[in-house]
K.L.:
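The following block contains the structure, expressed as structure tokens.
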Amino acid sequence: MSAPPSGFGNAIQRHCVFAVGSSADEYAAAMPFVSDADAVRIFYTDTGGPGPAVVFGHGFYMDSFMFIPQVEYLVSQGFRVLCWDARGHGKTESPPDRAFTYWDSARDLLAVMDDAGVAHATLVGMSQGGYAALRAALLAPARIEALMLLDTEAGASGEAEKTGYRELFDAWTNPDVPLDPLADSLAPRLIGGTEADQAPWRARWHASDRAAIRAAGECLIDRESVLDRLREIDCPALVLRGEFDQTSTAEKSQALADGLSAAEPVVTIPGAGHAANWTHPDQVNEVLGEFLGRVVAARVR
């Protein structure tokens, strides 16, 4: 089965030469974009440095900010870290009504690697970031050294999920619907943890353009399953989930790990929900660092 065609990947241009930071504090000031000829500008950050590259992709309603704890940790361990904002999220600029798929998102990810001069990388994908990472591994297997898949899955949305998503997105993009009740319902499920863990995301949602997620919502709802293609991915992989994640369930996570040719046993973070890397960064960083250490060691043998 071949991937759907994408106009984005055929017309990549370098938007600007970016400043490369030498620390996690400086990385947030770097503001490179990858642009296409169709009004899409993918924002990303890059810590720079000579170390092995790790590329992070975030979940729905989030952005690169969610990986600050991982960036700081991995930079201290000598890695070069890139984070990118998906269409409809963060600082990426994309028409809210222009349809796209996660195959396009995978090409966005690969375009970021191209623009940054990164030939090979480990991909870390959280939730929808995992959908893009899996597809990038199918599109360009020689470029992907390993996958770390956080609170994500390989299947399609069920009918009940699609109905729930449509109701949420219809309300979210309607300016007449107050945001606070939506955030009150969403934050515990999407972020988990404490009110303090959720507070930064509530603030970011209030500051965001709520209509920007329209096309991204349709992409999420209409995504197809890639469960039947997972055996094509033979790089090392690790699947991690929060114990109380109601979206990426234990069953879905196990199906993902079972389908991948070189996946390790699923890791469950006790007490965490959907955004385990945000609410339980120390535990996730320990797993991430150990996994990356083994991947790097195997590469240099």
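Just so it is clear, the structure is predicted and the values come from calculations on it, not from any experiment.
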K.L.:
Please find the pair of heavy atoms, one from Val40 and one from Pro95, that lie closest to each other, and give the distance.
P.N.:
CG2-CD, 4.2 Å
K.L.:
Under a 4.0 Å threshold between the charged nitrogen and the carboxylate oxygen, would Arg294 count as salt-bridged to Glu264?
P.N.:
yes
K.L.:
Would Trp278 and Phe65 count as a ring-ring contact (aromatic ring centres under 6.0 Å, His included) if you check the C-alpha gap in whole Å, the side-chain angles of each, and the deciding distance to 0.1 Å?
P.N.:
CA-CA 10 Å; Trp278 177 260; Phe65 180 74; 5.4 Å; yes
K.L.:
Is it true that Leu256 and Phe244 fall in one hydrophobic cluster, defined by side-chain heavy atoms closer than 4.5 Å?
P.N.:
no
K.L.:
Check whether any side-chain heavy atom of Trp84 sits under 4.5 Å from a side-chain heavy atom of Ser105, and report yes or no.
P.N.:
yes
K.L.:
Using the rule that Ile, Leu, Val, Met, Phe, Trp and Tyr join whenever any side-chain heavy atoms are under 4.5 Å apart, tell me whether Leu110 and Phe100 fall into a single cluster.
P.N.:
no
K.L.:
If only side-chain N and O atoms count, and only distance matters, is there a donor-acceptor pair under 3.5 Å linking Arg223 with Ser157?
P.N.:
yes
K.L.:
What about Phe60 and Phe169, are their ring centers closer than 6.0 Å?
P.N.:
yes
K.L.:
Looking at every non-hydrogen atom in both residues, tell me the closest pair between Ala171 and Val177 and how far apart they are.
P.N.:
O-CB, 3.6 Å
K.L.:
Looking only at atom types and distance, does a side-chain atom of Trp201 sit under 3.5 Å from a main-chain N or O of Ala187, one as donor and one as acceptor?
P.N.:
no
K.L.:
Flag the pair Glu218 and Arg98 as a salt bridge only when some basic side-chain nitrogen lies within less than 4.0 angstrom of an acidic carboxylate oxygen.
P.N.:
no
K.L.:
Please lay out, stage by stage, how Arg107 and Leu139 fare under the test side-chain contact (heavy atoms from CB on, under 4.5 Å).
P.N.:
CA-CA 8 Å; Arg107 291 183 174 90; Leu139 289 172; 3.9 Å; yes
K.L.:
Are Trp205 and Leu179 close enough that some pair of their side-chain heavy atoms sits under 4.5 Å apart?
P.N.:
yes
K.L.:
Any idea which heavy atoms bring Asp46 and Ala116 closest together, and the distance?
P.N.:
OD2-CB, 3.9 Å
K.L.:
Knowing that exactly one of Leu238, Val239, Leu150 qualifies, which makes a side-chain contact (heavy atoms from CB on, under 4.5 Å) with Val267?
P.N.:
Leu238
K.L.:
Walk me through it: do Glu145 and Leu123 pass the test side-chain contact (heavy atoms from CB on, under 4.5 Å)?
P.N.:
CA-CA 8 Å; Glu145 295 180 336; Leu123 305 184; over 6 Å; no
K.L.:
Indicate, with yes or no, if the rings of Tyr61 and His89 have centres closer together than 6.0 Å.
P.N.:
no
K.L.:
Heavy atoms only: give me the nearest Phe67-Cys83 pair and the separation to one decimal.
P.N.:
CB-SG, 4.1 Å
K.L.:
Would you mind reporting whether Tyr131 and Val226 have side-chain heavy atoms less than 4.5 Å apart?
P.N.:
no
K.L.:
Under 30°, 30 to 60°, or over 60°: which ring-plane class applies to Phe43 and Phe33, parallel, tilted or perpendicular?
P.N.:
perpendicular
K.L.:
Quick check: does any side chain N or O of Glu93 sit under 3.5 Å from a backbone N or O of Ala39, one acting as donor and the other as acceptor?
P.N.:
no
K.L.:
Are the side chain of Arg241 and the backbone of Asp245 linked by a donor-acceptor contact shorter than 3.5 Å?
P.N.:
yes
K.L.:
Inspect the contact between Asp184 and Arg202 and indicate whether a charged nitrogen and a carboxylate oxygen are less than 4.0 angstrom apart.
P.N.:
yes
K.L.:
Between Met62 and Ala275, which heavy-atom pair has the shortest distance, and what is it?
P.N.:
CE-CB, 4.3 Å
K.L.:
Please check: side-chain N/O of Asp151 versus main-chain N/O of Gly242, any donor-acceptor pairing under 3.5 Å?
P.N.:
yes
K.L.:
Can you find a heavy atom in the side chain of Arg80 that is under 4.5 Å from one in the side chain of Val54?
P.N.:
no
K.L.:
Would you call Glu232 and Pro141 a side-chain contact if the rule is heavy atoms closer than 4.5 Å?
P.N.:
no
K.L.:
Check each of Thr122, Leu134, Thr152 against Leu147 using the side-chain contact (heavy atoms from CB on, under 4.5 Å) test, and report the only one that passes.
P.N.:
Leu134
K.L.:
Look at the side chain of Ser76 and the backbone N and O of Tyr73, then say whether any donor-acceptor pair between them is shorter than 3.5 Å.
P.N.:
yes
K.L.:
Whether Arg135 engages the ring of Tyr102 as a cation-pi pair (distance to the six-membered ring centre under 6.0 angstrom, angle to the ring normal within 45°) should be assessed.
P.N.:
no
K.L.:
Run Ser64 and His58 through side chain to side chain donor-acceptor pair (under 3.5 Å) and show every step you take.
P.N.:
CA-CA 6 Å; Ser64 300; His58 62 82; 5.5 Å; no
K.L.:
Any side-chain heavy atom of Asp180 within less than 4.5 Å of one from His206?
P.N.:
yes
K.L.:
For side-chain contact (heavy atoms from CB on, under 4.5 Å), just list the numbers for Asp104 and Thr101, CA-CA rounded to whole Å, side-chain angles, deciding distance to a tenth of an Å, and then say yes or no.
P.N.:
CA-CA 5 Å; Asp104 296 307; Thr101 72; 3.4 Å; yes
K.L.:
List the atom of Ala132, the atom of Ala106, and the distance in Å for their closest heavy-atom pair.
P.N.:
O-CB, 3.5 Å
K.L.:
Donor-acceptor pair, distance only, cut-off 3.5 Å: does the side chain of Thr173 make one with the backbone of Arg210?
P.N.:
no
K.L.:
Is it true that a side-chain atom of Gln77 and a backbone atom of Gly289 form a donor plus acceptor pair closer than 3.5 Å?
P.N.:
no
K.L.:
Side chains of Tyr44 and Val55: closer than 4.5 Å at any heavy-atom pair?
P.N.:
no
K.L.:
Could you tell me whether the side chain of Thr92 and the main chain of Arg87 form a donor-acceptor pair under 3.5 Å?
P.N.:
no
K.L.:
Got Ile269 and Glu243 here, is their nearest side-chain heavy-atom distance under 4.5 Å?
P.N.:
no
K.L.:
Is the shortest side-chain N to carboxylate O distance from Lys252 to Glu161 below 4.0 Å?
P.N.:
yes
K.L.:
Under the criterion side-chain contact (heavy atoms from CB on, under 4.5 Å), I'd like the reasoning laid out for His274 against Ile191: C-alpha separation, chi angles, the key distance, then a yes or no.
P.N.:
CA-CA 6 Å; His274 190 54; Ile191 309 299; over 6 Å; no
K.L.:
Verify the neighbour count for atom CD of Glu286: are there more than 12 heavy atoms of other residues, nucleotides or ligands below 6.0 Å?
P.N.:
no
K.L.:
Taking 4.0 angstrom as the limit, do Asp63 and Lys91 come out as a salt bridge?
P.N.:
no
K.L.:
Does CD in Glu290 sit with more than 12 non-hydrogen atoms of other residues, nucleotides or ligands closer than 6.0 Å?
P.N.:
yes
K.L.:
Verify whether one side chain among Trp103 and Glu224 offers a donor that lies under 3.5 Å from an acceptor in the other.
P.N.:
yes
